[in-house]
Amino acid sequence: MKIALDEVKFITDNSQDCDKNAYFVCTNSNSKFHSKAREQGATLISPAKAKELLGIGKNIKLIGITGTNGKTTTAAIIASALENLGFKAGLSGTRGTFLGEKQIAPKGLTTSQALETLSYLKAAIDVGCEYFVMEVSSHAIAQNRIEGLDFDLKIFTNLSQDHLDFHKTFDEYARVKSSFFSDETPKLINKDDKFIKFNPKNSMTYSLESEADFFVDKFSLKGGIEASIAFKQNSTLKSHLQGKFNLYNLLAAFGAIKFLTNLDDQKIADALGKFEGVEGRVEIVSKNPLVIVDFAHTPDGIEKVLGALSHDELIVVFGAGGDRDRTKRPIMGKIAQKYAKFTVVTSDNPRSEEPDFIIDEIMAGMSLNDKVFRQSDRKKAINLALSLAKNGETIVILGKGDEPYQEINGVKHPFSDKLIAQEIINATK
């Protein structure tokens, strides 16, 4: 990345761009290129110095969200509600980077490299954004991609098994997540999650199970969400989002906005209720038959989504990503089978692994019978699920959400669960 400061000077994190007019941002990720950048004549600087040179200070409030599940939706809810309340907000995460409704960067890493994030903050300031909400991944924390960023609020959603291919153990994964909260930055913590350990200084909590700074004293999940949020005054939240997990996301967003703005409680709740949902997260892509697409790709994520839909008879299509945590595969199979009338195990993004090998590992956790199917071709698997839906069952396609590709042996082939399902349905009408 290269950012111009004036007609001559510029900032970069790529040593190949360096000359005497360059400021080279030193990070853990590019440490082996520091000496080369210096040899090229560049001035080596820290991310904090880059932020100063770009004029990024307290002119924008930065909110960071981490956790295994819920980051994307919670971040989107906060940004959307702030916009509805009359503020300008930026958003960066799994879905890309947005300034208001305008997308300025495509999907990539959940949390970008340090200089790239600074470029987004600069762009947000230039268009008058007062807030910037970003997802913070465990990889980014471990690799110091957030070095130099001054957060005004840090939010923790939940912790469950994921990314053990990178972190190796759950304890290490938890330690990395916890380290994000080790400073005295104000924090908003899910009190109901038992795994995170955090610095209690400047901490607020939210909960559905017990009293907290922000808690729900009663709620209904029938046909959407209706909840009474208890803070200094009770406010009523009504949302068409589905499931208890989304109530947690909404409650975290309520606490964050209340802390950041101190606006009237009911006004905040009304703004949250206007949120329309995130593409690829419990997204209804067909009503006849009812087909839902979701990004859930962890045991906890699958449990929460299918649990929220368990009032229907479900046909579940899912797989597991290749070159990622293998230990979660049989657990995911067991959970899917628990909720599904029919289960179709298929390929996700196999990457360098053989799809059938991944399917074998998933099915090792399942009781095999005539209601469990395997089909390594994902399009055929979706078609099979649709053919099984004879009596009004709900088809749930898990794992890829709104991803527009399937990655096989280093190549990203165009593939959308949503478009494939709609294409098959339209062809049969």
Side-chain angles (χ1 to χ4, degrees), residues 68-70 73 157-162 192-193 208 219-225 240-249 277-278 280-321 325 327-348 358-375 378 381-401 417-418 421:
T68 305
N69 297 307
T73 300
T157 60
N158 51 64
L159 194 72
S160 62
Q161 182 176 336
D162 199 13
D192 298 342
D193 192 279
L208 302 184
F219 63 89
S220 170
L221 302 176
K222 295 178 181 178
I225 292 171
H240 74 272
L241 298 183
Q242 297 283 328
K244 193 175 181 180
F245 62 96
N246 269 323
L247 179 52
Y248 273 106
N249 296 336
V278 176
R281 268 67 175 178
V282 195
E283 181 185 3
I284 296 174
V285 300
S286 168
K287 291 186 177 179
N288 184 28
L290 182 57
V291 180
I292 293 172
V293 168
D294 191 84
F295 188 62
H297 59 283
T298 68
D300 184 63
I302 291 175
E303 179 88 46
K304 285 176 177 174
V305 170
L306 298 185
L309 300 172
S310 60
H311 49 77
D312 296 333
E313 288 196 310
L314 305 178
I315 299 173
V316 178
V317 182
F318 80 106
D325 178 11
T327 64
K328 68 182 181 181
R329 294 172 182 174
I331 304 170
M332 291 163 60
K334 184 176 181 180
I335 292 169
Q337 186 173 34
K338 179 174 76 171
Y339 288 101
K341 178 179 178 180
F342 296 108
T343 310
V344 182
V345 185
T346 187
S347 179
D348 190 289
I358 298 173
I359 292 171
D360 286 343
E361 294 202 326
I362 293 170
M363 297 182 76
M366 305 174 72
S367 298
L368 304 185
N369 54 46
D370 60 1
K371 294 186 176 181
V372 176
F373 302 85
R374 66 182 295 155
Q375 172 51 259
R378 193 171 179 92
I382 294 171
N383 187 52
L384 173 59
L386 287 164
S387 72
L388 291 169
K390 304 296 186 184
N391 301 304
E393 294 93 346
T394 297
I395 298 160
V396 188
I397 308 171
L398 299 174
K400 291 173 54 58
D417 286 347
K418 174 180 178 176

Under 3.5 Å donor-acceptor pairs involving side-chain atoms of residues 390-399, not counting sequence neighbours:
from, atom 1, to, atom 2, distance (Å)
Lys390, NZ, Ser387, O, 3.1
Glu393, OE1, Lys390, N, 3.2
Glu393, OE1, Asn391, N, 2.9
Glu393, OE2, Lys341, NZ, 2.7
Thr394, OG1, Asp312, OD2, 3.2

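Asp325 and Thr327 share a donor-acceptor pair across their side chains, judged by distance under 3.5 Å alone.
The shortest heavy-atom contact between Arg329 and Ala320 is CG-CB, 3.8 Å. Pairing each heavy atom of Val305 with each of Phe245, the nearest pair is CA-CE2, 4.0 Å. Minimum interatomic distance between Leu221 and Lys244 (heavy atoms only, all atoms of both residues): CD1-N, 3.7 Å. Pairing each heavy atom of Asn249 with each of Gly70, the nearest pair is OD1-CA, 3.7 Å. Closest non-hydrogen pair, Asn69 versus Gly301, comes out as ND2-N, 3.5 Å. Taking every heavy atom of both residues into account, Gly333 and Phe318 meet most closely at CA-CZ, 3.7 Å.
Looking at residues two or more places apart in sequence or on another chain, you find a salt bridge (Lys or Arg N to Asp or Glu O under 4.0 Å) between Asp417 and Arg378.
Lys418 contributes atom NZ, which lies 11.5 Å from atom CD1 of Ile284 (distance to the nearest 0.5 angstrom). The CZ atom of Phe342 sits 6.0 Å away from atom CD1 of Ile315, with the distance rounded to the nearest 0.5 Å.
In this structure, the side chains of Met366 and Thr343 come closer than 4.5 Å at one or more pairs of heavy atoms. You'll find the side chain of Thr298 reaches within 4.5 Å of the side chain of Lys328, heavy atoms only. Residues Asn158 and Lys304 form a side-chain contact, since some pair of their non-hydrogen atoms from C-beta on lies under 4.5 Å apart. Within the 4.5 Å cutoff, the side chain of Pro289 has heavy atoms near those of the Leu386 side chain. Using a 4.5 Å cut-off on side-chain heavy atoms (C-beta onward), Ile225 and Phe219 make no contact.
Distance alone, capped at 3.5 Å, places no donor-acceptor pair between the Asp300 side chain and the Ser160 backbone. No donor-acceptor pair under 3.5 Å is formed between the side chain of Ser286 and the backbone N or O of Val291. Judged by distance alone, the side chain of Lys371 and the main-chain N or O of Gln337 form no donor-acceptor pair under 3.5 Å.
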side-chain contact (heavy atoms from CB on, under 4.5 Å) evaluation trace for Glu303 with Lys338: CA-CA 9 Å; Glu303 179 88 46; Lys338 179 174 76 171; 2.9 Å; yes
Might you work through the side-chain contact (heavy atoms from CB on, under 4.5 Å) test for Asp348 and Lys400, ending with a clear yes or no? CA-CA 7 Å; Asp348 190 289; Lys400 291 173 54 58; 3.7 Å; yes
Chi angles and distances behind the side-chain contact (heavy atoms from CB on, under 4.5 Å) call for Val372, Met363: CA-CA 9 Å; Val372 176; Met363 297 182 76; 3.7 Å; yes
Please test Tyr248 against Leu208 for side-chain contact (heavy atoms from CB on, under 4.5 Å), starting from the C-alpha separation and ending with a verdict. CA-CA 8 Å; Tyr248 273 106; Leu208 302 184; 3.4 Å; yes
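Each of Asp294, Ile292, Val316, Leu290 was scored for a side-chain contact (heavy atoms from CB on, under 4.5 Å) with Leu309, with one residue passing: Ile292.
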